[in-house]
Amino acid sequence: MADPVELVRRICLCFPPRLPPPQRSRVPPPQPRCLGVWARLRLPSSALSLRCRALDASKPSAVRGEPSEEYDDDEEPYFSVTSSRLSEVDYLGESTKGDLNVRRRHLDALGGNGKSTLHGPIEEIAWKEARQAETLLSDLGIADPLTVRNSPRGIFCTRTLNLRSISVIGYDMDYTLIHYNVMAWEGRAYDYGMANLKSMGFLVDDLEFDPDLVIRGLIMDKVKGNLVKADRFGYIKRVMHGTQMLPTRAVSEIYGRELVDLRKEDTWEFLNTLFSVSEAVMFMQMVDKLDQGLVPAELGPLDYKGLYNAVSKALFRAHVEGQLKREIMAEPERFVEPDPELPLALLDQKEAGKRLLLITNSDYHYTNKMMNHAFNRFLPNDMGWRDLFEMVIVSARKPEFFQISHPLYEVVTDDGLLRPCFKANSGGLYSGGSAQMVEKSLDIHGDEILYVGDHIFTDVSQSKVHLRWRTALICRELEDEFDALIKSHAQKEKLVTLIQQKEIVGDLFNQLRLALQRRTNSRPAQTLAATCMNDQELTESMQKLLIVMQRLDEKIVPLLESDGELFNKRWGWLSRAGLWDKSHLTRQIEKYADIYTSRVSNFLHYTPFMYFRSQEQAMEIRRIATW
């Protein structure tokens with residue numbers, strides 16, 4: 001019997017890396033991450049005799065983990081799959097719905113029948129195997145989980161998620177599978193929206209698109225003409241009226257103790273996605289116009305809410321009339337940022353037995369064009385993007401897709417011809433329908449499905465609230481925020497040190513103040529040292545400490561004001577609304593997203609069998625910022 005590490009090497013040999021497909025375009029195909037390591041692993045020729053075959057799940061004996069009569073003893077596969085309805089606890093001591101297991105007779109040979117090849121206490125064996133596994137992973141060019149987790153490309157977890165229990169993974173398309181250049185896409189959306197405002201009579205010729213004016217997670221106050229940033233409790237921390245940031249005193253006077261309540265849709269509009277950038281920029285710039293009296297009188301008396309409605313209508317026309325999407329379809333390379341790793345990540349999931357779905361609000365023609373451009377050139381063996389997906393649903397009308405049923409149509413021609421149907425089948429291409437229809441057709445429900453999208457409300461919140469699907473949020477800005485946190489480490493460390501010094505000095509000042517108060521009321525001080533000080537000494541000590549705190553404040557205030565400027569000069573960090581307090585966006589993520597990451601291709605750095613644990617993998621900004 002081979003050494004366990006040698007066994008791992010032999011198993012790896014039976015699953016060689018996928019060779020790159022022939023080059024079919026000017027863009028080179030991605031190279032396998034571990035291609036060079038196989039030549040470095042000098043394995044004995046006897047390793048070639050190990051039989052590693054895919055398990056035929058249709059054989060009942062395979063599900064039960066018992067030897068099958070259809071195999072000779074020397075041909076029996078090493079592994080079996082435990083039925084999801086029979087498995088309770090996996091090798092990690094966690095609840096699971098299925099896993100790959102060593103067959104009983106091979107498990108006995110390794111140590112289950114008293115003839116163990118694993119000698120000694122299991123703790124010592126495990127420690128040795130873990131160290132050898134680290135070496136092997138390094139030889140294979142695979143980063144360890146801790147390194148991947150603590151990086152801009154990590155997947156962060158708010159609720160424990162076992163990918164082995166997920167049988168279906170659904171994906172949104174726009175800003176999820178397809179990432180757009182924000183300046184290009186939202187810039188053109190802004191241009192079309194402004195052209196529509198101009199046709200309505202607004203004066204907009206002097207305005208230009210400024211994507212740095214807003215960030216995801218802000219909230220528009222449609223009544224007051226403000227853009228606000230709130231903390232996790234809804235308290236408003238920063239405000240911009242029009243395009244001008246307001247001082248802290250003005251924020252307090254305007255909002256006082258008023259809380260942001262996203263259920264009040266007549267007042268608040270949350271920026272859920274990067275698609276919201278162009279709308280927020282347009283609204284803030286037009287607020288300036290209204291304040292300056294530059295809105296023509298013939299448009300009628302407009303308040304801020306009426307102005308928001310006009311902006312929203314103009315941008316809606318830009319999307320509905322189709323000019324913007326026709327321009328993108330004509331030159332997708334201008335708008336789409338390619339990601340060669342993305343198709344391979346989905347291919348790993350599909351080959352691991354996950355059934356993949358594409359559920360998008362975009363129409364068929366646009367979806368087909370974008371997916372062809374972003375996927376086909378990076379897939380091996382002349383695969384097309386449709387080959388990845390068990391089912392494709394376009395024009396899904398989310399969030400209603402997760403709430404109510406709409407008529408279902410099958411897309412039957414390349415021209416997009418629709419035919420009414422009443423049942424969805426595997427491999428189909430459909431328009432409309434509902435999430436309940438997907439569950440019924442695939443015979444799955446609830447926590448067997450992971451849905452991945454970029455829109456906190458439309459994709460993540462609604463699938464979680466109405467169906468209890470597991471959820472993943474895609475937020476590309478996490479990469480920039482992570483990098484900015486690392487670069488600001490020295491400043492953050494200096495700031496924290498100054499605050500800690502002020503807290504210590506402040507504690508002493510408060511103790512002396514209390515001692516003076518008690519002495520004034522003829523009561524004993526709480527410490528012997530304070531008791532021994534006369535009134536003048538107490539007063540002088542307090543004056544000195546006040547001066548120290550004042551000087552510290554002179555250092556602390558500018559550092560606090562500049563905290564987060566490396567990410568956005570106006571709004572600071574995406575994830576925080578203060579030095580340590582979480583932003584309203586972070587609270588929404590923690591509430592509705594089981595995992596979150598910057599891009600779908602980050603799954604490639606993990607495995608389709610990953611067990612995400614929240615207490616280890618949540619993106620704790622305070623911890624990261626103090627590395």
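Note that these values count all heavy atoms, side chains included, but never hydrogens, waters or copies made by symmetry. Computed from a prediction, not measured in an experiment: that's the story for all the values here.
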Asks: Centroid-to-centroid, F457 to Y592, below 6.0 Å?
Replies: no
Asks: How long is the gap from CG on L290 to CG on D303, to the nearest 0.5 Å?
Replies: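 Spacing of CG (L290) from CG (D303) equals 8.0 Å.
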Asks: Which atoms form the tightest heavy-atom contact between V287 and L307, and what is the distance?
Replies: N-CD2, 3.6 Å
Asks: Name every donor-acceptor pair, under 3.5 Å, that has one atom in a side chain of residues 207-214 and the other anywhere in the protein, sequence neighbours excluded.
Replies:
unit_1, atom_1, unit_2, atom_2, d
D210, OD1, D212, N, 3.2

Asks: If you round to the nearest 0.5 Å, how far is CG of L342 from CG of L346?
Replies: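 These two atoms lie 6.0 Å from each other.
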Asks: Could you tell me whether the side chain of S583 and the main chain of S575 form a donor-acceptor pair under 3.5 Å?
Replies: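 Yes.
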Asks: Step by step, work out the ring-ring contact (aromatic ring centres under 6.0 Å, His included) result for Y596 and F156.
Replies: CA-CA 5 Å; Y596 60 103; F156 308 102; 5.6 Å; yes
Asks: May I ask you to check whether D291 and H241 show a side-chain donor-acceptor distance below 3.5 Å?
Replies: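 Distance-only check passes for D291 and H241.
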Asks: Checking the side chain of S165 only, and the main-chain atoms of N162 only, is there a donor and an acceptor separated by less than 3.5 Å?
Replies: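 A pair under 3.5 Å: yes.
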Asks: Counting N and O atoms only, with roles assigned by atom type, does the side chain of S312 sit under 3.5 Å from a partner on the main chain of Y308, one being a donor and the other an acceptor?
Replies: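 The answer is no, because no donor-acceptor pair under 3.5 Å joins these two groups.
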Asks: A quick test of your reading: do over 12 heavy atoms of other residues, nucleotides or ligands sit less than 6.0 Å from CD of E554?
Replies: yes
Asks: Does the pair K582/D231 count as a salt bridge with the N-to-O cut at 4.0 Å?
Replies: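 So K582 does not pair with D231 through a salt bridge.
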Asks: Restricting to non-hydrogen atoms, name the atom on V260 and the atom on A230 that form the minimum distance, rounded to 0.1 Å.
Replies: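 Answer, listing the atom of V260 first, then A230: CG2-CB, 4.0 Å.
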Asks: Is it true that N602 and S598 share a donor-acceptor pair across their side chains at a distance under 3.5 Å?
Replies: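 A pair is found: one side chain offers a donor N or O, the other an acceptor, under 3.5 Å apart.
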Asks: Could you give me the CA-CA distance, side-chain angles and deciding distance for V496 and W580, then say whether side-chain contact (heavy atoms from CB on, under 4.5 Å) is met?
Replies: CA-CA 10 Å; V496 170; W580 286 301; 3.9 Å; yes
Asks: Is the charged tip of R613 near the ring of Y611: under 6.0 Å from the six-membered ring centre and within 45° of its axis?
Replies: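 The answer is yes; both the distance and angle limits are met.
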Asks: Is a donor on one side and an acceptor on the other found under 3.5 Å between the side chain of N226 and the backbone of V228?
Replies: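 Flag not set: sc N226 to bb V228 has no pair under 3.5 Å.
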Asks: For D261, is there an ion pair with R263 - N to carboxylate O distance below 4.0 angstrom?
Replies: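 Looking at R263 and D261, the cut-off is met.
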Asks: Determine whether a donor-acceptor pair (N or O, by modelled atom type, separation under 3.5 Å) exists between the side chain of K229 and the backbone of M240.
Replies: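 No; zero donor-acceptor contacts below 3.5 Å.
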Asks: Checking R188 against Y192: charged group under 6.0 Å from the ring centre and within 45 degrees of the axis?
Replies: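 Positive - R188 is close enough to the ring of Y192 and near enough to its axis.
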Asks: Please round to the nearest 0.5 Å and tell me the distance separating atom NE2 of H455 and atom OH of Y175.
Replies: 12.5 Å
Asks: Could you tell me whether K224 and E258 make a salt bridge, using a distance below 4.0 angstrom between a side-chain N and a carboxylate O?
Replies: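 The answer is yes: the pair qualifies as a salt bridge.
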Asks: Between S562 (side chain) and L559 (backbone), is there a donor-acceptor pair under 3.5 Å?
Replies: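 At least one qualifying donor-acceptor pair exists.
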Asks: Can you check whether L538's main-chain N or O pairs, donor with acceptor, with S541's side chain at less than 3.5 Å?
Replies: no
Asks: If only atom types and distance count, is the side chain of T360 paired as donor or acceptor with the main-chain N or O of D172 below 3.5 Å?
Replies: no
Asks: With side-chain hydrogen bond (donor to acceptor under 3.5 Å, both in side chains) as the criterion, how do S461 and Q588 come out once you've worked through the C-alpha distance, each side chain's angles and the decisive distance to 0.1 Å?
Replies: CA-CA 9 Å; S461 166; Q588 295 293 305; over 6 Å; no
Asks: Please find the pair of heavy atoms, one from T273 and one from R216, that lie closest to each other, and give the distance.
Replies: CA-NH1, 3.9 Å
Asks: I would like to know whether Y171 and Y451 meet ring-ring contact (aromatic ring centres under 6.0 Å, His included); could you show each step before the answer?
Replies: CA-CA 6 Å; Y171 287 99; Y451 189 68; 8.0 Å; no
Asks: Output yes when a side-chain donor or acceptor of T135 lies under 3.5 Å from a complementary backbone atom of R131, and no otherwise.
Replies: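 Yes; judged by distance alone, with no hydrogens or angles, the pair exists.
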Asks: Hey, could you give me each pair passing salt bridge (charged side-chain N to carboxylate O under 4.0 Å, His left out) that has a residue in residues 459-476? Not counting sequence neighbours.
Replies: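 Applying salt bridge (charged side-chain N to carboxylate O under 4.0 Å, His left out) to every pair that reaches into residues 459-476, excluding sequence neighbours, yields E337-R476, K398-D459, K464-D594, R470-D594.
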Asks: Considering all heavy atoms of both residues, which atom of M286 and which atom of M194 are nearest to each other, and what is their separation?
Replies: SD-CE, 4.4 Å
Asks: To the nearest 0.5 Å, tell me how far L604 CG sits from Q349 CD.
Replies: 9.5 Å
Asks: Roughly how far, to the nearest 0.5 Å, is CE of M282 from CZ of F202?
Replies: 9.5 Å
Asks: Can you find a heavy atom in the side chain of I155 that is under 4.5 Å from one in the side chain of Y606?
Replies: yes
Asks: Roughly how far, to the nearest 0.5 Å, is CZ of F603 from CE of M610?
Replies: 11.0 Å
Asks: Please determine if K289 and D206 form a salt bridge, counting it only when a charged side-chain N lies under 4.0 Å from a carboxylate O.
Replies: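 Answer for the salt bridge query: yes.
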Asks: Walk me through whether D221 and Y255 qualify under side-chain hydrogen bond (donor to acceptor under 3.5 Å, both in side chains).
Replies: CA-CA 11 Å; D221 184 341; Y255 289 103; 2.7 Å; yes
Asks: Hey, is E590 close enough to R232 for a salt bridge, meaning N to O under 4.0 Å?
Replies: no
Asks: Step through it carefully: locate the ring centre of W185, locate the ring centre of H319, and say whether they are under 6.0 Å apart.
Replies: yes
Asks: Verify the ring-centre separation between F283 and Y304: is it less than 6.0 angstrom?
Replies: no
Asks: Keeping the roles fixed (side chain from D266, backbone from K264), state whether a donor-acceptor pair exists under 3.5 Å.
Replies: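 No.
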Asks: Do N272 and T458 come within less than 4.5 Å of each other through their side chains, counting heavy atoms only?
Replies: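 Heavy-atom side-chain distance check fails, nothing below 4.5 Å.
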Asks: Run the numbers on Q285 and Y190 for side-chain hydrogen bond (donor to acceptor under 3.5 Å, both in side chains), then give the verdict.
Replies: CA-CA 12 Å; Q285 291 178 338; Y190 172 92; 2.6 Å; yes
Asks: Taking all atoms of both residues into account, what is the closest heavy-atom pair of D447 and I166, and its distance?
Replies: O-CD1, 3.5 Å
Asks: Minimum heavy-atom separation for S463 and F402, please, with both atom names.
Replies: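 So the minimum-distance heavy-atom pair works out to CB-CE2, 3.7 Å.
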Asks: E540 and Q536: side-chain hydrogen bond (donor to acceptor under 3.5 Å, both in side chains), yes or no, with the steps?
Replies: CA-CA 6 Å; E540 290 177 353; Q536 184 178 352; 2.9 Å; yes
